[in-house]
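Fair warning: this is a prediction, and the values are worked out from it, not measured in the lab. Below, chain A is the first sequence line, B the second, and so on; all start at residue 1.
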Amino acid sequence: MISLIPRKDIPLALTVMTPIMAIAITLFVGAIIFATLGYDPLEALYQFFVAPVSRSDQIADLFVKACPLIIIASGLIFCYRANIWNIGAEGQLILGAVFSGYVALTFPGLPAWAMIPLMVIAGIFGGMLWAMIPALLKTRFNTNEILVSLMLTYVAALLIDWIVRGPWRDPMSFGFPLTKMYVDAALISRIELPGIGYLGQLHWGVVGALLLALCAWFVLDRMLVGFQVKVMGAAPRAGRFAGFSPTFVTFMVLGISGAAAGIAGMVEVSANIGQLQPEISFGYGFTAIIVAFLARLNPLAVIGAGLVVALAELGGDSAQITLGMPKVVTGVFKGILLFMLLAGETFNRFHVEIRPSRSSAAKSVEVQN
Amino acid sequence: MPAFFVDIGVGLKSFAIIKSLSMLFLSRVISFASPQLCLYPLPVDYGRWPLIATHPLEAFMKARPRLRTSKDTAKKTGAAPAGDQMPLLNASGVIKRFGDFIANDNVSFSIYEGEIHALLGENGAGKSTFVKMVYGLMQPDAGVFEWRGKPVKITGPQHARDMGIGMVFQHFSLFQALTVAENIQLALPAGESLSSLSDRVRIMSAEYGIGVDPDARIHNLSVGQQQRVEIMRCLLQDPSLLIMDEPTSVLTPQEADQLFDVLRRFSNSGVAILFISHKLDEIRALTSRATVLRRGINVGTVNTDTRSARQLAEMMVGETVADVVRKTAPADDDILLEISNLSRPRSTQFSTPLRNISLQARRGEILAIAGIAGNGQDELMEALIGEWRDANNGIMVIEGLDITHAGPTARRNAGISFVPEERNGHAAVPAMSLADNNLLTSHSLAGAVKKGIIDNNAMRQAADDVTTAFDVRLPNENPLASALSGGNLQKFVVGREIAKSPKVLIISQPTWGVDVGAAMFIRSAMLKLAAKGSAVVMISQDLEEVFMIAHRIAVLYDGHLSAAMDVTGLTAEKVGLLMGGIAASKGAEA
C-alpha cells in the first residue's frame with residue numbers, strides 16, 4: 001500500500017529543488033520522446049527552452065505572452081481560494097474586450113488621459129457583468145457555477161462573433177469580420193526604455209499585470225476581504241460562525257475574477273490587436289486556470305507560473321516553426337512539463353510511505369501459523 | 001429498579017400523533033409508558049411487553065450453547081481472576097508509532113473471560129490506538145497479541161470478528177432510514193432471512209434486557225437505543241470479547257445504568273468486555289480492573305475497588321488534580337440576556353425543531369442547558385449564534401438591546417461570545433494559524449482591522465496571550481490549528497472568547513473530548529468569568545460537569561427547554577428524568 005503522508009516541515013532546500021528536479025525530469029523524458037520520434041533531442045530542447053528566450057526582446061515578448069495569463073489567474077485565485085469554481089474566465093475576458101471596445105469605438109475623440117482609464121473601467125464592468133450571472137444563479141437557485149460559467153463562455157464567443165460581423169463591423173473592412181481600428185489614444189503604448197528603446201512588444205499592460213498580481217496578494221494576504229475568501233474556502237461553517245456571508249463572498253470572488261478577466265481582455269485587444277475580431281483570446285481564460293494552480297493559488301507565484309506556461313507556449317511555437325514538429329507533439333511536451341511541476345509540488349508537500357499490503361500481511365500470518 | 005425511560009420517550013413521540021385517536025388506545029399507551037413497567041429482572045413478561053414476541057427461548061439457547069443465561073444481577077462481576085487462569089486476550093510489549101510520535105509504548109495488558117475491564121486514560125493517551133490494534137484496524141509495530149494462549153496477528157476487522165472480537169464504536173454506523181433488523185442483517189454474513197433475524201433479535205433483546213424492536217426504524221430511536229442496536233449487532237456475531245469505546249458519552253444517567261445492567265449480564269454469560277472511558281465514577285461502578293494509559297505508556301493495572309476516583313484520575317493525569325470551586329449563585333436578578341419564545345421549524349428530516357424556548361441568563365451565573373445530544377442543541381446553538389435567524393420567531397435581548405435580527409458579527413459587537421461544539425471547521429479553521437483563528441471572531445472588534453487591512457501583529461499578539469493565559473501547548477512556534485491536540489485547541493477557542501471579557505458567553509459542550517486536566521482548566525475559567533460579572537450559558541450533555549459548575553440548570557428535551565432550576569437541592573435523578581422527557585409525559589397526561 002502506497003500512501004502520501006503530509007510533511008510537517010518542508011525544508012527550504014526541497015522547495016527550491018523540486019521545480020528544478022521537475023524540469024530536469026521533463027527534459028529527460030522529453031528527450032526520449034523526441035529521439036523516438038526522430039528529432040535531435042538536444043536541438044528540440046534547445047528550441048523549447050532556450051530559443052524563445054535567447055535575446056532580450058524575446059524575453060520581453062515572454063512577458064507580453066504571460067501578461068493576460070497573470071492578470072486572469074490573479075483574479076481566478078480568489079474564486080478557487082473560496083471554493084468557487086469559475087471556469088468561464090474566457091467568456092468574461094471577451095465581454096471585457098467588447099465593453100472596452102465600445103468605449104474606444106464610440107468615443108474616439110476622448111483625450112488619451114481619459115480613454116485608457118475609461119476603457120479599463122468598461123472592461124472591468126463587462127467582465128464582472130458576465131461573472132455576476134453564475135453568481136446570481138448560484139446564490140438564488142443553487143446552480144452549479146462550473147457549468148454556468150463554462151457555458152456562458154460559448155455565449156460570449158458567439159456574442160463577439162455577431163458583433164464584429166454585424167453591428168460593429170467596419171464598413172471599410174472588405175467584408176472581413178473586423179471593427180474599425182482603435183484610435184491611437186485607445187491603444188496601450190509600448191514601453192520605451194531609456195537608452196535601449198523599444199524591447200520586443202513590451203507594453204505598459206505588462207507592468208499593470210505585475211501590479212495587479214501584487215494587489216491581489218495584498219488583498220488576499222493582508223485584508224479582511226481576503227481573509228473572508230480564505231475562510232469561506234477552507235471552512236464555510238466557520239465562515240458563517242465568524243459572521244461572513246456566503247452570498248457576499250460568492251458575488252465578491254466572481255466579481256473580482258470577472259473584473260480581472262475583463263481587464264485582460266481590454267489589455268489584450270488594446271495592446272496587441274488594436275480592433276475587435278472574432279478571435280481575441282487564444283484560450284487565455286482556460287490556460288490561466290493552469291497558471292493559478294501551478295502557482296498553488298498564491299498571487300505572487302502567479303507571475304512565475306505565468307512565465308513558465310508562456311515559455312512552454314512560445315517554445316512549442318518555436319519547435320513547430322523551426323523543426324516542423326507537429327502541434328500535438330509540442331502539446332504532449334507541454335503536458336509533461338506541467339504534470340512534472342505539479343507532481344513535484346505534491347512530493348514537496350507529501351512524502352511517500354510504502355507499507356506492506358494487506359494481502360502480504362495475511363501471507364505472513366499463514367507462515368506464522 | 002430503573003424504569004425503561006427511553007421506550008417511554010418513543011411512546012411519547014408517537015403519542016403526539018395518536019392523540020386524536022380513541023381514548024381506549026390512549027389509555028393503553030399510557031399504561032405502557034408508566035414507570036411501573038420494568039424490563040428487569042428477567043424473565044420478561046412477554047404478554048405485557050409488546051415489542052418482544054413470545055418465542056421458545058430453548059430453541060435459541062440450543063443453537064448458542066456458549067451463552068449461558070444468568071439471572072445473577074450482582075453489582076460487580078468478573079472479579080479479579082485467579083493466577084492460573086489463561087487470559088482470553090493477552091498483549092505484551094505492544095508498540096505503535098506514528099512517525100516520531102509513540103502512541104503506544106510497550107503496552108502490556110490482559111483480559112479474562114467474563115471480566116469487565118476498563119481501559120482508562122486521557123484524550124490522546126493511546127486508548128483508541130490500542131483497541132484499534134486489537135480490532136485489527138491497525139497493526140502494532142512491535143509486540144505480541146495472544147488469543148486464548150496462542151500468538152495471533154489480527155489482520156483486519158473481519159479477522160477480529162471471526163476470532164470473536166466485537167466492537168461498538170463511539171460514533172454509530174447505522175443507516176438512519178432502515179429498520180433495526182435490516183441494519184443488523186447488513187453486518188452479518190449473508191443468508192439469514194429478515195424474519196428469522198428479527199426473531200433472534202427479539203430473543204436476545206429479552207434475554208439481556210436490551211429492549212430493541214427489530215422493526216423500528218433507526219431515526220425513530222433515541223441515541224441510547226441506537227447504541228443498543230450497535231451492541232446487538234455485535235452480540236449476534238457471538239463475540240467472546242466486546243470492546244466498547246466511550247459508550248456512555250451519549251447516555252442519560254438512567255440509560256447508562258441500564259447499559260451497565262446489560263453489560264453485567266453479558267459478562268455473567270462469559271463475555272469479556274473491554275470498556276473504554278475517562279469517566280471515573282462509572283468505571284468504579286462497573287468494572288473490576290482498570291488498565292491506565294498515560295501518554296502511550298501503561299501506568300498500571302489496578303483493582304478499581306482499591307482506588308478512589310481521585311487516585312485513578314491522578315494515575316491518568318500523572319499529577320495531582322485540582323478541584324474547581326464554585327461560588328454560590330448571585331443573589332440579584334440582573335438579567336443580561338433574555339430569549340423569549342424562540343421556535344425553529346424542522347429544517348431536515350433528522351433535525352429537531354425548537355419549541356418556544358425561553359431563557360434568562362443573569363449576571364454572575366452559569367446557566368447550564370443539560371440534555372442528551374440530538375435534542376435540539378445544534379439547532380439552538382445556531383439560533384443563539386445568529387447563523388440561523390428568523391424575524392418572526394423569538395426575541396433575543398441583551399441589556400435592553402434587541403439583537404433578534406442581528407447576525408453573528410453584530411451579536412459579538414453587542415458583547416456576546418460563542419464557542420460552538422465542533423472545534424474543527426466551526427469554531428476554528430483547521431488549516432489556518434492561531435492568529436488567523438483569533439481574527440475569526442474578533443474581526444469586528446477594536447484593533448483587529450484598520451481600513452480593511454488586518455493588523456497581523458495585533459492578532460499574533462492576541463493569540464500568544466491566549467496560549468499563555470490558557471496554557472495551550474503548541475507543537476511548534478507557529479502551528480496551524482489542525483496541529484493542536486483536541487484539548488489544546490479547545491482551550492484556545494474557549495480562551496479566545498473569554499479573553500474578550502464578554503458580557504455573555506454562550507458555550508456548547510465546553511469539555512467534549514478534552515482531557516481531565518484541560519477540562520478542569522476550562523471549567524474554572526468559565527467560573528472565573530462568571531465571578532467577574534458575566535453570564536455563561538453552557539450547553540452540556542455531561543451531567544457531572546453541569547452539577548460541578550452550574551448555578552442553574554435547564555433541560556433541553558426534544559426541542560423543549562424546561563424552566564431553569566436552582567442547582568441547590570436538585571438531584572441528578574431529577575435532571576436525568578427531564579433528559580428522558582418524563583416531565584413532558586406528565587404534562588401530556590394532565
Colleague: Tell me, with the steps shown, if B:Ile453 and A:Phe218 meet side chain to side chain contact (heavy atoms under 4.5 Å, CB included).
Modeller: CA-CA 9 Å; B:Ile453 297 165; A:Phe218 186 80; 3.9 Å; yes
Colleague: Check whether any side-chain heavy atom of A:Arg222 sits under 4.5 Å from a side-chain heavy atom of B:Ile454, and report yes or no.
Modeller: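 No. Closest side-chain heavy atoms not under 4.5 Å.
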Colleague: Could you tell me whether A:Met21 atom CE has more than 12 heavy atoms of other residues or ligands within 6.0 Å of it?
Modeller: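 For A:Met21, atom CE is not crowded (no more than 12 foreign heavy atoms under 6.0 Å).
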Colleague: Can you see which heavy atom on B:Asn456 is nearest to which on A:Asp221, and at what distance?
Modeller: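 Reported closest heavy-atom pair: ND2-O, 4.3 Å.
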Colleague: Considering only heavy atoms and a distance below 4.5 Å, find which of B:Pro479, B:Gly452, B:Gly407 pairs most often with chain A.
Modeller: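 Answer, by heavy-atom pair count under 4.5 Å with chain A: B:Gly452.
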Colleague: Near A:Phe125 CZ, under 6.0 Å, is it more than 12 heavy atoms from other residues, nucleotides or ligands?
Modeller: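 Result for CZ/A:Phe125: open.
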Colleague: Are there more than 12 heavy atoms of other residues, nucleotides or ligands under 6.0 Å from atom CZ of A:Phe339?
Modeller: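 Incorrect, the count does not exceed 12.
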Colleague: Which bit of B:Ile385 is near chain A, if near means a heavy-atom gap under 4.5 Å: side chain, backbone, both or neither?
Modeller: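 Contact with chain A is through the side chain of B:Ile385 alone.
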Colleague: Report which part of B:Arg412 has an atom under 4.5 Å of a heavy atom belonging to chain A: side chain, backbone, both, or neither.
Modeller: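 For B:Arg412, the side chain is the part near chain A, not the backbone.
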Colleague: Which bit of B:Ala428 comes within less than 4.5 Å of chain A, counting heavy atoms only: side chain, backbone, both or neither?
Modeller: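 It is the backbone, since no side chain atom gets that close.
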Colleague: Give the member of A:Arg240, A:Met223, A:Lys230 that has the highest number of heavy-atom pairs under 4.5 Å with chain B.
Modeller: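 The answer is A:Met223.
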Colleague: Which one wins on heavy-atom pair count under 4.5 Å against chain B: A:Pro236, A:Ala235, A:Ala242, A:Ala234?
Modeller: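 Most heavy-atom pairs under 4.5 Å with chain B: A:Ala242.
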Colleague: To the nearest 0.5 Å, what is the distance between CG on B:Leu439 and CD on A:Gln228?
Modeller: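 So the CG of B:Leu439 and the CD of A:Gln228 are separated by 9.5 Å.
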Colleague: With a sphere of 6.0 Å drawn around CH2 of A:Trp204, does it hold more than 12 non-hydrogen atoms of other residues, nucleotides or ligands?
Modeller: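 Counting neighbours around CH2 of A:Trp204, 12 or fewer heavy atoms of other residues, nucleotides or ligands fall under 6.0 Å, so no.
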Colleague: Would you name the heavy atoms of A:Phe227 and B:Asp436 that are closest together and state the gap between them?
Modeller: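 Scanning both residues, the minimum pair turns out to be CZ-O, 3.1 Å.
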Colleague: Please report the closest heavy-atom contact between A:Phe241 and B:Phe418, naming both atoms and the distance.
Modeller: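 Scanning both residues, the minimum pair turns out to be CZ-O, 3.4 Å.
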Colleague: Could you report the tightest heavy-atom contact between B:Val429 and A:Ala238, atom names first, then the distance?
Modeller: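 Smallest heavy-atom distance, with atoms named: CG2-CB, 3.8 Å.
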